[in-house]
Amino acid sequence: MVVTDPIADYLTRIRNAQQAGHRVVEIPSSRMKRSITEILYNQGYILKYKFEEDNGPQGVIKIALKYDPVSKQPVIRKLLRISKSGLRQYRKANALPRVINGLGIAIISTSRGVMTDKQARSENVGGEVLCYIY
């Protein structure tokens, strides 16, 4: 199976695993996906993650999903792919989006690497808006 948009595939796998109530999801690895995974972990959207190199040619990312202990609802309410392969979305540093007035995060691919909208604003760099997470 050839995936034309690996980031959308990554987000969809997480979304599907949460809807099915899974604790762990396995995703084929890439440098971009690793960066996004680290951001999700640092922002508190996932419990933990592990990069496994020995699994196939590109390796696998294992992500432990996070659920609310009381309501059993997933911590990640929504994953939205913004920049698609047919229409890339680029923003300057002063025009970066605020997701739900700062409650969510936008993941931006900049010349200085993948970062959240808040980091990109503080470093005054723009880039491609990959996705919104809240």
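Just so you know, residue 1 is the first one in the sequence shown, and it goes up from there. Just so it is clear, the structure is predicted and the values come from calculations on it, not from any experiment.
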Just so I know, are the side chains of Ile61 and Lys33 near enough to count as touching, which here means a heavy-atom distance under 4.5 Å?
yes

Under 6.0 Å between the ring centres of Tyr134 and Tyr132?
no

Quick one: name the residues clustered hydrophobically with Met115, using the 4.5 Å side-chain heavy-atom rule over I, L, V, M, F, W, Y, and just say none if it's on its own.
Val125

Give a yes or no on whether Leu80 and Val129 share a hydrophobic cluster (residues Ile, Leu, Val, Met, Phe, Trp, Tyr; joining criterion: side-chain heavy atoms under 4.5 Å apart).
yes

Strictly by modelled atom types, are Arg91 and Gln89 linked by a side-chain donor-acceptor pair under 3.5 Å?
yes

Donor-acceptor under 3.5 Å (Ser122 side chain, Gln119 main chain):
yes

Would you say that Tyr49 contacts Lys62 through its side chain, given a criterion of any heavy-atom pair below 4.5 Å between the two side chains?
no

I'd like to know whether OH of Tyr41 has more than 12 heavy-atom contacts from other residues, nucleotides or ligands below 6.0 angstrom.
no

Does either side chain, that of Tyr90 or that of Ser83, offer a donor lying less than 3.5 Å from an acceptor on the other one?
no

Within the 4.5 Å heavy-atom criterion, are Cys131 and Leu11 side-chain neighbours or not?
yes

Tell me the closest heavy-atom pair linking Asp5 and Ser85, and the distance in Å.
OD2-N, 4.4 Å

Side-chain contact test, heavy atoms from C-beta onward, threshold under 4.5 Å: evaluate it for Ile107 versus Val114 and give yes or no.
yes

Which salt bridge (charged side-chain N to carboxylate O under 4.0 Å, His left out) pairs, counting each pair once, include a residue from residues 103-113, with sequence neighbours left out?
Arg112-Glu123

